[in-house]
Asker: 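Shown below is the structure under consideration.
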Amino acid sequence: MTFMKFATASALAMMVAGAAAAKSDITLAMQLEPPHLDPTSAAAGAIDSVLYSNVFEGLTRFASDGSIIPGLAQSWEISDDGLTYTFKLAEGVSFHDGTSMDAEDVKFSLDRARAEDSANAQKALFGSIAEVEAVDASTVKITLSAPNGSLLFNLAWGDAVIVAPESIENIKQAPVGTGAFKFANWVQGDNITLERNPDYWGTPAKLDKVTFKFISDPTAAFAAVMAEDVDVFAGYPAPENVPQFEADARFQVIVGNTEGETILSTNNKMPPFDNVKVRAALAHAIDRQAIVDGAMFGLGTPIGTHFAPHHPDYVDLTAESAYDPEKAKALLAEAGFGDGFTTTLKLPPPSYARRGGEIIAAQLREVGIQTEITNLEWAQWLEEVFKGKDYGLTIVSHTEPMDIGIYARPDYYFQYDDAEFQAMNTALEAEADVAKRSALLDKMQRKIAGDYVNGYLFQLAIPTIAKAGVRGLWENAPTQANDMTGVYWAE
Amino acid sequence: MLRFVARRLVSLLVSLAVASCVIFVFVEVVPGDPAAYMLGLNAQEDTLNALREQLGLNGTLLERYLNWVGGMLRGDFGTSYTYRTPVSEMIGERMWISLPLAIYALTLSTLIAFPAGIWAASQRGSLVDVLVMGFTQLGVAIPNFWFAMLMVLLFAINLRWFSAGGFAGWEAGFGPALKSLTLPAIALALPQASILARVMRSSLLDTLGEDYIRTARAKGLSRRQALWRHALRNALIPVLTIIGLQFSFLMAGAIIIENVFYLPGLGRLVFQSIAARDLIVVESVVMLLVFAVIVVNFLVDVAYALVDPRLRVRA
């Protein structure tokens, strides 16, 4: 009897201990550290990777599948002419400093983003907004200067999150948002800690604490995961190790899609690339699968146009630029470059560019195009290639979601100037009807594929390595984010 | 003596002024716009201009130089472009990792090198000597980052005695903080210890051949007594010079080891700042290091002059 009591008591004790030991904190590593913590005044994806949906929320937001769902705005009405959007805000929302979130804060945030002296990296998102009006505490009316079919999508970006005038002063060091986690601490150069917001207005987070750790070196990343110093490595930088993690029962490997179209950007105004036949020759000279296999160790999906393959409106146009070196040679001969030519290939630091560049150079050599490879730092690349347009070819991944509109900007660095495409883009921007938008997007994808504006290579994939017990991570990355609000540990 | 110090002081100030010009010009001519780096591929021209205005990047080169130097004279190192925090604060924080790491590594290397060097010299030609010379040869030849990776593989991944990198923070306590610096310190100390041991050995062998050692031996001291009482002290001078050089190397040169162990030290700060074109941080850190080196040189000059009066005249 005594023994039974003892056994029961110890079993109980063990159960209690077991429950207490269930992990409620997580350490997530990523390669880049945010420069500061204001998502509304920098392009650095690392800022959103830490804060998006965790600390800051916008009127709308991206779900993990890329669709747009309500955020701080619970519902909205669109006027028949498409010019007025009336948002109904969620009730009882407060910022982490205790002040309440209301229509005035929304007006402040959006006006700040589109102001004359705004330092918002995506200011164009707000270009169509003519006026933001706080009708009452929980109603916001946005009036547009012209219909904009992608307004709800634009408002979901990390650059459009709602901030408070009371805390804007110190946002770069101590961000105050409305999210399920609040900012706790930043050891610069090492980690950022978030804690659960006990007063969250929506579904509370399951974890008590999230630590973001910054490890830039691929070898160090490998060691940190193997030594189990970190629980998750989002955007693991050495794809060559992925099979090893797949074979290890301690880990799970999640390979997700991103919005990154990796392209062989071509200077459309620089001879000989001003000749469409030369650009077509480039497209046929490239073996996409070989690049994915060689540079990315098999991670990535070949693309034939500037559009994400997982998007419902994607058109598979890879056949239009199928690998065919003989055809490429013939096209070059037709264009008057039977003996080939020499051009520059300027590569920014990411491994997709550096490794991919070597392979592309070899493939182009096969058809007679010689490339002089230059490795550039990002800052140099921005100066020389992006701003100075002093390049023949370069490789870069365009990670912004739904960015086919860049082809309508004649002064953009690849200098594609086509009136027909620009008209299509203007029509798309004004169109709110889903079916008509799809039709327009279809035409736009075909147009840039047919004009061989750039060499479309592959959609960037990101491998995430996580401990086997971690659940609820986003699989794909419709925007750069590590949404931790639904993450938990399995028993 | 006063005139000597005054003359040295003037040359110190001139060196600092010249150094500040050189650093500023070199860093500013590197192509790359910090605002473009921060705002990325979709930024509009007016946004870029607004940010440049906020960062004070729109002034002329001379204006910006005078701003920078004027600020430093008042103890204000400016504000980082990307992090938007005062540079002095950032340097202060990073210093709390780089300085202890350098001291830790130097202590380790001295603790290894002294006994090894002395032992090898005292038993010249013996098996011990051969072993010490062999191992130090290896220590000089092995790149420290590779050695660091091997240690991570063994101690962090297989044995789990240490974490693979990162810094626990001094607020976590002295023990954990020291523990996270241990593997990096060993990796930094190994080549330094090897060099130091070899210098120690050869310097000691040199002094052991001096006349005064023979005299000491003739007066009846054992070989061991002569070594500890007379030879060692005199052999220390070149060793101390090397230690001094190593210390400044450890402060500024730990960039690679800091990357392998992802330690947020001074070296990594400079590294990141260069990539992000955070020019003000690069300029200020480099200027600080130059300042330290110039001041140390000045103090050494003065100390030499105090010890050896002949130097005052020559200088």
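Per chain, numbering begins at 1; letters A, B, ... match sequence-line order.
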Asker: Give, as side chain, backbone, both or neither, the part of N191(A) having an atom under 4.5 angstrom from any heavy atom of chain B.
Answerer: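 For N191(A), there is no contact with chain B at all, as no heavy atom is under 4.5 Å.
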Asker: Measure the CZ-OG distance between R268(B) and S216(A) for me, rounded to the nearest 0.5 Å.
Answerer: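 Atom-to-atom, R268(B):CZ and S216(A):OG are 5.0 Å apart.
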Asker: Tell me whether the count of non-hydrogen atoms from other residues, nucleotides or ligands lying under 6.0 Å of CZ in F155(B) goes above 12.
Answerer: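 It does: F155(B) CZ has more than 12 such atoms within range.
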Asker: Quick check on L48(B) against chain A: is it the side chain, the backbone, both or neither that has a heavy atom closer than 4.5 Å?
Answerer: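 Neither the backbone nor the side chain of L48(B) comes within 4.5 Å of chain A.
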Asker: CZ of F271(B): more than 12 outside heavy atoms within 6.0 angstrom?
Answerer: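 Open: at most 12 neighbouring heavy atoms sit under 6.0 Å from CZ of F271(B).
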Asker: Could you tell me which portion of E400(A) (side chain, backbone, both or neither) has an atom closer than 4.5 angstrom to a non-hydrogen atom of chain B?
Answerer: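 The side chain, not the backbone.
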Asker: If you count heavy-atom pairs under 4.5 Å with chain B, which of E228(A), K213(A), E384(A) comes out on top?
Answerer: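 Highest number of pairs under 4.5 Å: E228(A).
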Asker: Over all heavy atoms of both residues, which pair between Q54(B) and A119(A) is shortest? Give the atoms and the distance, please.
Answerer: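 What the structure gives for the nearest pair is NE2-CB, 4.0 Å.
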Asker: Do you know the tightest heavy-atom contact between L39(B) and A121(A)?
Answerer: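 Scanning both residues completely, I find the closest heavy atoms to be O-CB, 3.4 Å.
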Asker: Establish, from distance only, whether the side-chain atoms of E377(A) and Y37(B) form a donor-acceptor pair under 3.5 Å.
Answerer: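 Their side chains do not contain a donor-acceptor pair, so the 3.5 Å distance test is not met.
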Asker: Heavy-atom distance under 4.5 Å to chain B: side chain of I406(A), backbone, both or neither?
Answerer: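 Interface part for I406(A): side chain.
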Asker: More than 12 heavy atoms of other residues, nucleotides or ligands under 6.0 Å from CZ of F291(B): yes or no?
Answerer: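 Count not over threshold, so no.
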Asker: I'd like to know if R84(B) and D38(A) make a salt bridge, using a cut-off of under 4.0 Å between side-chain N and carboxylate O.
Answerer: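 Salt bridge between R84(B) and D38(A), a charged N being under 4.0 Å from a carboxylate O: no.
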Asker: Counting only heavy atoms not in W96(B), do more than 12 sit closer than 6.0 Å to its CH2 atom?
Answerer: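 Not more than 12 within 6.0 Å, no.
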Asker: Heavy-atom distance under 4.5 Å to chain B: side chain of Y413(A), backbone, both or neither?
Answerer: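 For Y413(A), neither part sits under 4.5 Å from chain B.
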Asker: Answer with side chain, backbone, both or neither: which region of D229(A) has an atom nearer than 4.5 Å to a non-hydrogen atom of chain B?
Answerer: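 D229(A) touches chain B through side-chain heavy atoms alone.
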Asker: Heavy-atom pairs under 4.5 Å with chain A - which of A50(B), S163(B), G165(B) has more of them than the others?
Answerer: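 Top count of heavy-atom pairs under 4.5 Å with chain A: S163(B).
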Asker: Name the option with the most non-hydrogen atom pairs under 4.5 Å to chain A; the candidates are A36(B), A275(B), A164(B), A156(B).
Answerer: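 Top count of heavy-atom pairs under 4.5 Å with chain A: A164(B).
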Asker: Should we count CH2 of W170(B) as having more than 12 external heavy atoms under 6.0 Å?
Answerer: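 For W170(B), atom CH2 is crowded (more than 12 foreign heavy atoms under 6.0 Å).
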Asker: Is chain B contacted by the side chain of P34(A), its backbone, both, or neither, given a heavy-atom distance below 4.5 Å?
Answerer: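 Contact with chain B is through the backbone of P34(A) alone.
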Asker: Which residue out of N120(A), D217(A), I215(A), T399(A) racks up the most heavy-atom pairs below 4.5 Å with chain B?
Answerer: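 Winner by heavy-atom pair count: I215(A).
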Asker: Against chain A, work out which of L51(B), V260(B), D33(B), T85(B) has the most heavy-atom pairs shorter than 4.5 Å and name it.
Answerer: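 Of the options given, most contacts go to T85(B).
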Asker: The test is side chain to side chain contact (heavy atoms under 4.5 Å, CB included); show your working for D117(A) and E53(B) and say whether it passes.
Answerer: CA-CA 9 Å; D117(A) 61 346; E53(B) 197 63 49; over 6 Å; no
Asker: Are Y83(B) and E33(A) close enough, and set up right, to give a side chain to side chain contact (heavy atoms under 4.5 Å, CB included), and what steps lead you there?
Answerer: CA-CA 10 Å; Y83(B) 284 94; E33(A) 180 178 24; 3.1 Å; yes
Asker: Can you find a pair of side-chain heavy atoms, one from L382(A) and one from R277(B), that are under 4.5 Å apart?
Answerer: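 Side chain of L382(A) against side chain of R277(B), heavy atoms only: no contact under 4.5 Å found.
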Asker: Sort out for me which of Y81(B), Y262(B), F167(B) touches chain A most, counting heavy-atom pairs under 4.5 Å.
Answerer: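 Top count of heavy-atom pairs under 4.5 Å with chain A: Y262(B).
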Asker: Where on Q380(A) is there a heavy atom nearer than 4.5 Å to chain B: the side chain, the backbone, both, or neither?
Answerer: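 Backbone plus side chain of Q380(A), per the 4.5 Å heavy-atom cut-off to chain B.
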Asker: Mark yes when over 12 heavy atoms from residues, nucleotides or ligands other than K209(A) sit less than 6.0 Å from its NZ; otherwise mark no.
Answerer: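 Open: at most 12 neighbouring heavy atoms sit under 6.0 Å from NZ of K209(A).
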Asker: Rounded to the nearest 0.5 Å, how far does CE of M226(A) lie from CG of N158(B)?
Answerer: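 Answer rounded to 0.5 Å: 8.0 Å.
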Asker: Please classify the contact between S41(A) and chain B as side chain, backbone, both or neither, with a heavy-atom cut-off of under 4.5 Å.
Answerer: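 Backbone of S41(A) only, per the 4.5 Å heavy-atom cut-off to chain B.
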